[in-house]
Undergrad: 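I'd like to ask you about the structure that follows.
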Amino acid sequence: DELSQFCTMLVYWGLASTSFAYVGSFVFSHASSAQQLMMTLNTILSLLLVALTLFTAYAGLEVISTPIMFFSMLLPNCSLGFSMWTFIQDGTLLKDSTKIQDDGMFPCYVMLAE
């Protein structure tokens, strides 16, 4: 059902964002500032990438939007955004489609892998 899909998506996002921030914190020299910078970078960059992907998709530029979408799924907040967008548009994450970019569960699988 839809509630279990939504809860699963949020659990995967929580696990992925924590581990992403931890691994990314090794780039910085101070651990305290690294956590804050990683979360801020993840949020701002994710908002921009999701907006760019949705804008180019609605403009009919799927040749550009599909690679951007798959690349941006490396950020947990982007995966959450794409799953939420599919969930809001279709009311479910499971769609009967042969195109992988139409599968709302694909970003959840990416978050689980992270």
Side-chain angles (χ1 to χ4, degrees):
D1 69 351
E2 289 80 17
L3 182 60
S4 65
Q5 292 173 2
F6 185 73
C7 290
T8 302
M9 178 181 60
L10 290 180
V11 167
Y12 288 169
W13 172 75
L15 294 172
S17 62
T18 306
S19 60
F20 179 79
Y22 175 72
V23 170
S25 69
F26 288 110
V27 175
F28 301 97
S29 59
H30 294 31
S32 61
S33 64
Q35 178 77 15
Q36 294 169 352
L37 288 173
M38 285 303 299
M39 291 299 181
T40 303
L41 176 70
N42 190 15
T43 303
I44 292 172
L45 190 60
S46 295
L47 286 173
L48 292 174
L49 287 172
V50 168
L52 178 67
T53 302
L54 294 177
F55 177 74
T56 55
Y58 282 124
L61 301 171
E62 292 181 357
V63 174
I64 298 171
S65 67
T66 302
I68 293 172
M69 183 178 87
F70 287 126
F71 172 73
S72 63
M73 274 193 228
L74 294 174
L75 298 172
N77 287 357
C78 281
S79 295
L80 178 68
F82 292 130
S83 290
M84 296 273 294
W85 185 255
T86 304
F87 196 77
I88 289 169
Q89 291 292 334
D90 301 329
T92 184
L93 291 176
L94 301 174
K95 290 173 52 175
D96 294 329
S97 177
T98 58
K99 296 170 65 176
I100 194 165
Q101 61 261 31
D102 288 338
D103 186 10
M105 285 300 292
F106 184 71
C108 290
Y109 301 144
V110 172
M111 286 190 287
L112 181 62
E114 289 176 352

Undergrad: Just verifying a value: how many Å separate S79 OG and M73 CE, rounded to the nearest 0.5 Å?
TA: 6.0 Å

Undergrad: Taking F55 as the starting point, is it possible to reach L49 by hopping between hydrophobic residues whose side chains are less than 4.5 Å apart?
TA: no

Undergrad: With sequence neighbours excluded, tell me which residues meet side-chain hydrogen bond (donor to acceptor under 3.5 Å, both in side chains) with T56.
TA: none

Undergrad: Just verifying a value: how many Å separate I68 CD1 and L48 CG, rounded to the nearest 0.5 Å?
TA: 11.5 Å

Undergrad: Could I get the full list of side chain to side chain contact (heavy atoms under 4.5 Å, CB included) partners for L54, not counting sequence neighbours?
TA: V50, W85

Undergrad: What is the distance from atom OG of S65 to atom CG of L52, rounded to the nearest 0.5 Å?
TA: 9.0 Å

Undergrad: Which heavy-atom pair separates S19 from A16 by the least distance, and what is that distance?
TA: OG-O, 3.1 Å

Undergrad: Among all residues two or more places apart in sequence or in another chain, which pass the side chain to side chain contact (heavy atoms under 4.5 Å, CB included) test with L47?
TA: T43

Undergrad: Can you tell me which residue among L75, N77, L15 is in a side-chain contact (heavy atoms from CB on, under 4.5 Å) with F20?
TA: L75

Undergrad: Does the T66 side chain pair with the main chain of V63, one donor and one acceptor, at a distance under 3.5 Å?
TA: no

Undergrad: Find the distance between CG (L45) and OG (S72) and round it off to the nearest 0.5 Å.
TA: 8.5 Å

Undergrad: To the nearest 0.5 Å, what is the distance between OH (Y12) and SG (C7)?
TA: 12.0 Å

